[in-house]
Amino acid sequence: MKKRLTSFVLILAMVLSVMPGFKAKAATVAYLYNSKKPNTILNDTKNSYIYVGGAKLDLDYNIGGLKTGVTGKWSSNHPERITVNKNGVCKAVGNGAAYITFKYTDPLTKKSAKLRVRLKALTRASGIALVPAEGTNVNAGELKMKPGEVASFGTKLTTNPKALAVNSQVTTTYGTYFELFQDEACTLPAGSNVVTIMGSGIVNAVAPGTVYLRAVGKNSKNAKTYNVYSSVVKITVAEDISVVQTDGSKLKVTSPSSDILSITLKNDKGVVVTQLGGSPVLAVDKRSAIVTIGGTLSGDYTVVITTVAETVSRTVKCEPSRLEKIELTSLKAGITGEVKNGYSIATINFKLLDQFGNNVTNDARFPIAQFMALWTPANGDGTEKAVITGPGTVELQLKSSTILSKGKLLIIQTYGQATKIEADISIGLPAAIDSVEVMGIYKCGIGTTSMVNYTKVLDESTCSIFAGTTVADSKKLNNMPGAYYLLLRVKDTDGNPVNSKGVTNQRIIVSMNGTAGLELDGSESIDGITIDGETFLTYPVKAIASVRSGSFGLSALAVGGKVAYKTITKQIPGSLTVQKFGITGGKVCYAGQAEYLDYELIDSTGSRITDFEAVVKLTIQRDAANEVYISIPNTVISSTVAQNGVGTSTNSFFFWEKDMETGKAKLKYFPVAMGTDTIVTLPGNATATTTTTNVIVMVAQ
């Protein structure tokens with residue numbers, strides 16, 4: 001197209017020269033061009049780029065078809081930026097724009113004429129660096145932050161060494177950009193749930209977690225994509241050490257990022273109230289502890305916490321436990337069949353909560369003498385006194401006209417704060433237990449977020465209780481870390497969940513048997529456990545010593561009303577080994593992108609194992625981050641732990657991931673290099689089977 005344009009301009013000039021009225025003395029058609037691109041016309045209306053330390057630009061002229069023989073002079077209006085010699089060869093020596101002019105005598109008009117081109121000198125970048133602003137402390141490539149904190153980074157493009165050899169003062173001027181990743185290799189982009197970063201480089205810490213930050217830039221003005229990258233800065237966001245009152249006599253200390261060594265509690269007079277050090281502190285876990293005093297917490301306390309990393313003091317204002325809320329467990333009362341003084345009897349249950357959310361229904365500080373209840377039938381028969389017969393139980397006295405009707409129940413605390421609850425209650429026929437479902441055995445724990453959680457270790461299909469497991473003494477509390485609990489889902493004939501201690505005049509018989517050494521720690525249900533918003537009947541479980549290998553069964557039977565039951569029988573694994581562990585079926589994957597591979601794991605009993613905890617127990621151990629890595633020397637799966645995913649593999653790495661919905665183990669695969677990845681799974685013992693699978697790894701388009 002440019003060649004056609006040049007020809008058209010010359011032809012047009014020739015035509016005009018012979019047209020009537022055209023002056024023969026018109027100026028000669030002339031232009032400048034790049035000698036390496038003779039069909040490119042250069043002018044002074046658009047920038048042409050030249051790079052400091054880069055190739056020179058040789059300008060040539062075309063004046064009326066003449067490319068030589070025209071006498072003229074080359075000049076630059078900014079020789080400190082771009083120089084030009086007598087032959088039109090331009091060289092960039094500093095950043096900025098300059099006009100290059102060729103002044104000559106027009107061969108037709110014999111008058112002075114000139115050609116001009118606008119050049120812009122730039123400097124190429126050879127690299128880019130992340131520059132922490134003042135107050136942003138990056139140590140050993142890591143920035144540690146707490147939620148809500150702000151940090152700031154700048155960027156610096158590194159000038160090409162060839163440009164510095166020409167002019168040590170030149171700098172690069174191209175735009176830069178910040179990127180966040182989930183992994184240090186910068187293959188998985190990170191969202192904004194841990195930190196956010198603005199285009200100006202301001203980092204805001206949002207929530208605990210780890211991300212990796214890098215800066216990217218372009219090495220030249222004409223680069224179509226970012227092609228220079230900085231080193232990576234690891235950003236770790238962790239909660240600060242905190243002290244929270246959880247009960248009238250308890251404080252919870254949490255250190256999310258460093259193990260606790262000791263805790264000292266002082267009152268407002270500086271007197272040491274209690275001191276914990278070593279093993280007692282680790283009663284919960286290494287990152288959190290419960291500090292309990294013999295009396296009641298009241299007033300200001302100073303807590304001195306020493307961790308592996310630091311010693312800090314926290315001041316906490318404490319108050320005695322007080323009644324905050326009264327809650328009904330049901331809005332429907334079933335008659336019991338009893339008759340007292342000519343009245344039919346119905347019962348309704350309630351619970352008391354303190355300001356910390358603890359269930360204090362059975363707490364001696366809130367005796368039943370502090371409460372009264374009033375029952376007002378909706379039929380207008382007048383207010384009647386209801387009787388609080390025990391902690392959390394109200395007995396309603398009903399006239400025959402009240403049965404199968406409604407009324408209003410009022411429960412009042414008559415002492416202290418005078419807390420109360422008022423609700424409409426439906427009176428129905430006697431309720432009965434309709435269904436009983438054994439949910440399984442759950443283990444209580446407290447994670448790094450310091451929240452109590454429950455992990456299922458036994459149900460109909462999976463068993464993650466192994467021989468040698470130690471079962472902590474529950475002390476009949478439902479939140480003891482390390483303790484095990486049997487959970488039952490129970491519903492009555494009205495469809496209401498039964499999550500207290502059963503239905504009046506009915507009971508649930510729960511039994512455990514077998515040779516594994518597990519048994520119930522009492523026959524009565526304790527306070528319920530709530531998981532995902534549903535509360536279950538709870539029975540603490542104990543063991544004579546550690547759990548033994550062998551069979552184990554449990555059952556639940558409702559007596560009275562509609563009979564319902566559920567039974568589970570499982571084998572407690574002992575010293576099981578891997579009989580077969582293989583990846584089933586090859587597939588096409590992409591380098592640098594995660595993929596899940598199908599696998600088969602068979603234990604020494606011939607059972608297929610998929611449960612995450614069981615897979616981990618049978619194959620390898622978890623690392624400090626609670627993630628299971630499989631190192632792959634020469635792309636062969638072995639049974640050693642690769643710390644942080646770093647093994648001796650040159651092609652790919654794997655780790656186990658737990659499916660949070662199903663609890664099953666998923667095998668995650670990260671290929672690095674393109675090609676055929678031959679994966680050989682090694683046996684767990686001499687009799688196990690070795691399998692080989694080929695996976696094709698491609699580069700994503």
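The residues of the chain are indexed from 1 along the displayed sequence.
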Practice problem: Apply the test side-chain contact (heavy atoms from CB on, under 4.5 Å) to residues Ile197 and Leu213: give CA-CA distance (whole Å), side-chain angles for both, the deciding distance (0.1 Å), then the verdict. | Solution: CA-CA 9 Å; Ile197 186 164; Leu213 170 67; 3.7 Å; yes
Quiz item: How far apart are the C-alpha atoms of Val150 and Ile202, what are their side-chain angles, what is the distance that settles it, and do they pass the side-chain contact (heavy atoms from CB on, under 4.5 Å) test?
Solution: CA-CA 7 Å; Val150 176; Ile202 297 177; 3.5 Å; yes
Quiz item: Does any pair with a residue in residues 203-215 pass side chain to side chain donor-acceptor pair (under 3.5 Å), and if so which ones, sequence neighbours excluded?
Solution: Glu179-Arg214
Quiz prompt | Close side-chain approach of Ile241 and Thr254, heavy atoms under 4.5 Å | solution = no
Practice problem: Taking only Lys NZ, Arg NE, NH1 and NH2, and the carboxylate oxygens of Asp or Glu, determine whether Arg365 and Asp354 approach each other closer than 4.0 Å. | Solution: no
Practice problem: Would you check if Pro540 and Ile526 make a side-chain contact, meaning some heavy-atom pair closer than 4.5 Å? | Solution: yes
Quiz item: In terms of side-chain heavy atoms, does Glu319 have a donor or acceptor partner in Ser298 at a distance below 3.5 Å?
Solution: no
Quiz item: Does Lys146 offer a backbone N or O that forms a donor-acceptor pair with the side chain of Glu149 under 3.5 Å?
Solution: yes
Quiz prompt | Lys542 and Glu519 ion-paired at < 4.0 Å | solution = yes
Self-check item: Tyr177 atom OH: more than 12 heavy-atom contacts under 6.0 Å
Solution: no
Quiz item: Does the Thr361 side chain pair with the main chain of Leu352, one donor and one acceptor, at a distance under 3.5 Å?
Solution: yes
Self-check item: Glu422 bridged to Lys420 by N-O distance under 4.0 Å
Solution: no
Quiz prompt | Verdict with reasoning, Thr307 to Leu261, per side-chain contact (heavy atoms from CB on, under 4.5 Å) | solution = CA-CA 5 Å; Thr307 70; Leu261 298 179; 5.6 Å; no
Exercise. For salt bridge (charged side-chain N to carboxylate O under 4.0 Å, His left out), just list the numbers for Asp240 and Arg314, CA-CA rounded to whole Å, side-chain angles, deciding distance to a tenth of an Å, and then say yes or no.
Key: CA-CA 11 Å; Asp240 194 7; Arg314 296 288 183 264; 3.1 Å; yes
Quiz item: Within the side chain of Gln355, is there an N or O that forms a donor-acceptor pair under 3.5 Å with the backbone of Arg322?
Solution: yes
Practice problem: Output yes when a side-chain donor or acceptor of Asp183 lies under 3.5 Å from a complementary backbone atom of Leu188, and no otherwise. | Solution: yes
Quiz item: Hey, does the side chain of Thr136 reach the backbone of Ser152 with a donor-acceptor pair shorter than 3.5 angstrom?
Solution: yes
Quiz item: Is the number of heavy atoms from other residues, nucleotides or ligands within 6.0 Å of NZ (Lys666) greater than 12?
Solution: yes
Quiz item: Should Tyr484 and Tyr442 count as side-chain neighbours, where that means a heavy-atom distance under 4.5 Å?
Solution: no
Practice problem: Indicate yes or no: at least one non-hydrogen side-chain atom of Leu251 is less than 4.5 angstrom from one of Val316. | Solution: yes
Exercise. Could you tell me whether the side chains of Thr306 and Thr311 share a donor-acceptor contact shorter than 3.5 Å?
Key: yes
Quiz item: Do Val237 and Pro147 come close enough that some side-chain heavy atom pair is under 4.5 Å?
Solution: yes
Practice problem: Answer yes or no: is there a side-chain heavy-atom contact under 4.5 Å between Ile388 and Thr393? | Solution: no
Quiz item: Within the side chain of Thr538, is there an N or O that forms a donor-acceptor pair under 3.5 Å with the backbone of Phe536?
Solution: yes
Exercise. Indicate the atoms forming the closest heavy-atom contact of Lys250 with Leu297, along with that distance.
Key: N-CD1, 3.5 Å
Self-check item: Side chain to side chain, Leu486 and Val541, heavy atoms closer than 4.5 Å
Solution: yes
Quiz item: Any donor-acceptor pair under 3.5 Å linking the side chain of Asn267 with the backbone of Lys269?
Solution: yes
Practice problem: Any chance you could lay out the side-chain contact (heavy atoms from CB on, under 4.5 Å) test for Ile412 and Thr419, step after step, and finish with the verdict? | Solution: CA-CA 6 Å; Ile412 303 173; Thr419 306; over 6 Å; no
Quiz item: Looking only at heavy atoms, what is the nearest atom pair of Leu328 and Ala423, with distance?
Solution: CD1-CB, 3.5 Å
Quiz item: Would a 4.5 Å heavy-atom cut-off, applied to side chains only, mark Ile529 and Leu487 as touching?
Solution: yes
Exercise. Using atom types as modelled and distance alone, determine if a side-chain donor or acceptor of Ser230 lies under 3.5 Å from a backbone N or O of Ala129.
Key: no
Quiz item: Between Thr296 (side chain) and Pro320 (backbone), is there a donor-acceptor pair under 3.5 Å?
Solution: no
Quiz item: For Thr155 and Ala215, which heavy atoms make the closest approach, and how far apart are they?
Solution: CG2-CB, 3.7 Å
Practice problem: On the 0 to 90° scale, with breaks at 30° and 60°, tag the Tyr485-Tyr454 ring pair as parallel, tilted or perpendicular. | Solution: perpendicular
Practice problem: Check for a donor-acceptor pair, side chain of Gln245 on one end and backbone N or O of Asp247 on the other, with a separation under 3.5 Å. | Solution: yes
